[in-house]
Amino acid sequence: MTEKRRYDAVAIWLHWLVALLVLVQFATGWVWGFFERGSEPRFYLFRTHITLGSAILALAVARIGWRLKHSAPPLPEGMSRPQRIAAHAGHGLLYLAILVQPALGLLAISAFGKTLGRWPRDAHNLGAKLILALVILHVAAVVWHQFIRKDGLLARMLPARFTAGSR
Ligand code: HEM
Ligand code: HEM
């Protein structure tokens, strides 16, 4: 059996759908503050944030469930041990992020009738900054693979029809 060189279609579509939704979460979370309290756009952005954030939680559960049954293709050859550890740790933290961040968001808006104080909101706001840093590192790693190492890593995460000819 030849070794799997790319992610499967479900993993690919879930990755890009969640990535897109996470970007919308940053946009909505950081933009609503520019609108007056009680104004229509602020309310709309907030509602969008809660709805799409909750969708991320559901998709994260589906995605992690799928990933547990479908292994990722092995990392490109020639990566050093620290690079491999960094790649696995980074991916693990990104999975953790898409579970914990929406959970903190849900706790921030409703603590099941209990008052939890400000900590879920503070943790959610701090989480946003940490996730932004993680995503920047993630994209920087992809750029490094694509343009410096030139190992075709990005193609593994793109639908096959966009990368005809490569495996
Ligand atoms: C424009 C932004 C992004 C690009 C270009 C990108 C690109 C990629 C690529 C090429 C891989 C495959 C790595 C490999 O072959 O080993 C990957 C994996 C992954 N990405 Fe992204 N990504 C982006 C945004 C995100 C975001 C926002 C998240 C989640 C918050 C995310 C989470 C992950 C995870 C968890 C994996 C590992 C998948 C696994 O091995 O199970 N990515 N990404
Ligand atoms: C991965 C998913 C999510 C991301 C990346 C995200 C990101 C953000 C960002 C960037 C902010 C602004 C932080 C700041 O002001 O410094 C924010 C605020 C907020 N988010 Fe999310 N969010 C997510 C999911 C959710 C969910 C599911 C909910 C609720 C169900 C939620 C509720 C909130 C609330 C209530 C605030 C305002 C906190 C405050 O009062 O300061 N978020 N989020």
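Remember, it's 1-based here, ligands and their atoms both numbered in the order they're listed.
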Trace of the side chain to side chain contact (heavy atoms under 4.5 Å, CB included) decision for Leu107 with Trp119: CA-CA 9 Å; Leu107 281 180; Trp119 76 262; 4.0 Å; yes

Side chain to side chain contact (heavy atoms under 4.5 Å, CB included) assessment of Arg63 paired with Tyr95: CA-CA 9 Å; Arg63 194 172 161 195; Tyr95 279 126; 3.6 Å; yes

Stepwise side chain to side chain contact (heavy atoms under 4.5 Å, CB included) check, Val135 with Leu94: CA-CA 8 Å; Val135 171; Leu94 285 166; 4.1 Å; yes

Worked verdict on Trp13 versus Leu17 for side chain to side chain contact (heavy atoms under 4.5 Å, CB included): CA-CA 6 Å; Trp13 286 106; Leu17 180 58; 5.9 Å; no

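Among all non-hydrogen protein atoms, the one lying nearest atom 35 (C) of ligand 2 is Ile109 CG2, 3.6 Å. Counting protein heavy atoms only, atom 37 (C) of ligand 1 is closest to His91 CG, 3.3 Å. Counting protein heavy atoms only, atom 14 (C) of ligand 2 is closest to Trp30 NE1, 3.4 Å. The nearest heavy-atom contact from the protein to atom 38 (C) of ligand 1 is Tyr95 OH, 3.3 Å. For atom 26 (C) of ligand 2, the closest non-hydrogen atom on the protein side is Gly105 CA, 3.9 Å. With respect to atom 34 (C) of ligand 1, the closest heavy atom belonging to the protein is Arg63 NH2, 3.3 Å. Closest to atom 7 (C) of ligand 2, if we only count protein heavy atoms, is His49 CE1, 3.5 Å. Closest protein heavy atom to atom 27 (C) of ligand 1: Ala19 CA, 3.7 Å. Atom 4 (C) of ligand 1 has as its closest protein heavy atom Trp16 CH2, 3.5 Å. Atom 16 (O) of ligand 1 has Arg156 NH2, 3.1 Å as its closest protein atom, hydrogens excluded (heavy atom only). Closest to atom 11 (C) of ligand 2 among all protein heavy atoms lies Gly29 CA, 3.8 Å. From the protein, the heavy atom lying nearest to atom 30 (C) of ligand 2 is Leu106 CD2, 3.3 Å. The protein heavy atom nearest to atom 32 (C) of ligand 1 is Leu94 CD1, 3.6 Å. For atom 9 (C) of ligand 2, the nearest protein heavy atom (residue, atom name, distance) is Ala128 CB, 3.8 Å. Counting only heavy atoms of the protein, atom 3 (C) of ligand 2 lies nearest to Gln101 CG, 3.5 Å.
Residue contacts with ligand 2, taken as heavy atom pairs separated by less than 4.0 Å, involve Pro102 via backbone and side-chain atoms alike.
Remark: Arg47 CZ to Ile50 CD1 distance equals 8.5 Å, nearest 0.5 Å. To the nearest 0.5 Å, the span separating CZ on Phe34 from CG on Leu45 amounts to 11.0 Å.
Counting only distance, with no hydrogens or angles, the side chain of Gln146 and the backbone of Gly152 share no donor-acceptor pair below 3.5 Å. Judged by distance alone, the side chain of Thr48 and the main-chain N or O of Tyr44 form a donor-acceptor pair under 3.5 Å. Looking only at distances, a side-chain donor or acceptor of Arg84 sits under 3.5 Å from a matching main-chain atom of Met79. A distance-only check finds no donor-acceptor pair linking the side chain of Gln25 to the backbone of Leu52 [under 3.5 Å]. Arg156 places no side-chain N or O within donor-acceptor distance of the main-chain N or O of Tyr7, the cut-off being under 3.5 Å.
Partner of Val22 under the side-chain contact (heavy atoms from CB on, under 4.5 Å) criterion, out of Val18, Val24, Leu20: Val18 alone.
Taking 4.0 Å as the cut-off, His145 does not count as a neighbour of ligand 1 on heavy-atom distance. Within the structure, ligand 1 has Leu75 among the residues with a heavy atom less than 4.0 angstrom away. Asn125 counts as a contact of ligand 2, since one of its heavy atoms falls under 4.0 Å from the ligand.
At least one N or O atom of Tyr7 sits closer than 3.5 Å to an N or O atom of ligand 1.
Atom CZ of Phe43 is surrounded by 12 or fewer heavy atoms from other residues, nucleotides or ligands within 6.0 Å. Around the CZ atom of Arg81, the shell of radius 6.0 Å holds no more than 12 heavy atoms that belong to other residues, nucleotides or ligands.
Applying the 4.0 Å criterion to heavy atoms of Ala72 picks out, from ligand 1, the atoms 40 (O). Below 4.0 Å from some heavy atom of Phe46 lie the following atoms of ligand 2, by number and element: 35 (C). Each of the following atoms of ligand 2 lies closer than 4.0 Å to a heavy atom of Gly53: 24 (C), 27 (C). Each of the following atoms of ligand 1 lies closer than 4.0 Å to a heavy atom of Leu154: 10 (C). Taking every non-hydrogen atom of Val139 and a distance limit under 4.0 Å, the qualifying atoms of ligand 1 come out as 2 (C), 3 (C). Annotation for ligand 1: atoms under 4.0 Å from non-hydrogen atoms of Arg67 are 39 (C), 40 (O), 41 (O). Interface atoms of ligand 1 facing Ile98, defined by a heavy-atom separation under 4.0 Å, are 30 (C). Short contacts between ligand 2 and Ser54, defined as distances under 4.0 Å to a heavy atom of the residue, involve ligand atoms 27 (C).
Ring geometry, His15 versus His138: the interplanar angle falls from 30° to 60°, so the pair is classed tilted.
Between Arg67 and Ala72, the closest heavy-atom pair is NH2-CB, 3.4 Å. Minimum interatomic distance between Glu36 and Arg42 (heavy atoms only, all atoms of both residues): O-CD, 3.3 Å.
Remark: the His70 side chain and the Asp8 side chain contain no N/O donor-acceptor pair separated by less than 3.5 Å.
Between the choices Gln25, Lys129, Arg118, Arg121, the shortest heavy-atom distance to atom 24 (C) of ligand 2 belongs to Gln25.
The closest approach of His124 to atom 21 (Fe) of ligand 2, by N/O/S atoms, is made by NE2.
For atom 21 (Fe) of ligand 1, the N/O/S atoms of His138 include one lying under 2.8 Å.
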